[in-house]
Amino acid sequence: IGIRCLLFFETQYFCVIIGSSRMQEIENKFQRTTEHEPIENTAWSSISDTYKIVYSYIMSDLRQYGLTPPQYTVLRVIGKSREGQLTMSEIGKEMIVTFANITTIVDNLEKLRYVRRLRDSSDRRLVRVELTSNGTKLFKRIYTSHRKEVAKLMKVLNKQDLQNLIDYTGAIRKNTNLNSLMRKES
């Protein structure tokens, strides 16, 4: 087991404990990437590697509840929705995954009795998904715990660094969306 620290900005570090073989694999990749790549590619590798480490950490946090991150995300988007229920396509838009993936995730949550499907009363073609009472209880318990875990990970950054991170990733998303639109037009 080792600790992997990723440099954020000039002086801030984000550290997590991971298995030594996985840590060495990431470290080797990071060193190869930074030696011969333009700074833009190195920055992208840093974002990607950070995502993988954080995802792994969060996955281990959710595993104690018997859920995968996509299953938790379904519970969260329904639990945070105004009506307390969403159509399958609304869930899919929030998660940016295919309809087939949403169907599988909802099927599994239904087997666990955390959600139920409902036919829309005004349009029978629409299927809405809502949390069951067990699903609501689990969502509330996980949501509070999960937010605390994420906050612990982000505490390595001060308020200004966090705002900069939000601004930087927002700029990347905006640029990606613009490039995506230009790609579709050509």
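No more than 12 heavy-atom neighbours from other residues, nucleotides or ligands sit within 6.0 angstrom of CD1 on Ile39. The environment of CZ in Arg113 is sparse: at most 12 heavy-atom neighbours from other residues, nucleotides or ligands sit within 6.0 Å.
Put simply, the side chain of Arg128 never gets that close to the backbone of Leu118: no donor and acceptor are under 3.5 Å apart. Thr169 places a side-chain N or O within 3.5 Å of a backbone atom of Ile166 that can act as its donor or acceptor partner. For Ser56 (side chain) and Lys52 (main-chain N/O), no donor-acceptor pair under 3.5 Å exists by modelled atom type. At least one donor-acceptor pair closer than 3.5 Å links the side chain of Ser60 to the backbone N or O of Tyr57. Of the possible donor and acceptor atoms, none in the side chain of Asn175 sits under 3.5 Å from a partner among the backbone N and O of Ala171.
Here Ile58 contributes atom CD1 and His146 contributes atom NE2; the two are 5.0 Å apart, rounded to the nearest 0.5 Å. Between the OG atom in Ser48 and the CD1 atom in Ile53 there is a gap of 10.0 Å [rounded to 0.5 Å]. In this structure, Ser180 OG and Arg173 CZ are separated by 14.5 Å, a value rounded to the nearest 0.5 Å. Going from atom OH of Tyr143 over to atom OG1 of Thr136 covers 14.5 Å, rounded to the nearest 0.5 Å.
The minimum heavy-atom distance between Asp120 and Ser122, with the atom names listed, is OD1-OG, 2.7 Å.
A heavy-atom distance below 4.5 Å is found between the side chains of Met154 and Leu157. Between Leu126 and Arg119 the shortest side-chain heavy-atom distance does not fall below 4.5 Å. Using a 4.5 Å heavy-atom cutoff, the side chains of Arg117 and Asp107 are in contact. By the 4.5 Å heavy-atom criterion applied to side chains, Ile172 and Ile47 are counted as neighbours. Side-chain contact between Glu37 and Trp44: absent, with no pair of heavy atoms (C-beta onward) separated by less than 4.5 Å. By the 4.5 Å heavy-atom criterion applied to side chains, Thr132 and Glu110 are not counted as neighbours.
Across Leu86, Ile105, Thr103, a single residue satisfies side chain to side chain contact (heavy atoms under 4.5 Å, CB included) together with Ile91, and that is Leu86.
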Query - Derivation of the side chain to side chain contact (heavy atoms under 4.5 Å, CB included) call for Val129 and Glu90 - result: CA-CA 10 Å; Val129 182; Glu90 289 169 331; over 6 Å; no
Extract all donor-acceptor atom pairs below 3.5 Å that involve side chains of residues 67-78 and protein atoms in other chains or at least two apart in sequence.
| from | atom 1 | to | atom 2 | distance (Å) |
| --- | --- | --- | --- | --- |
| Thr68 | OG1 | Gln71 | N | 3.2 |
| Thr68 | OG1 | Gln71 | OE1 | 3.4 |
| Gln71 | OE1 | Thr68 | N | 2.9 |
| Thr73 | OG1 | Pro69 | O | 2.9 |

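Between Glu149 and Lys152 there is a salt bridge, with a side-chain nitrogen of the basic residue lying less than 4.0 Å from a carboxylate oxygen of the acidic one.
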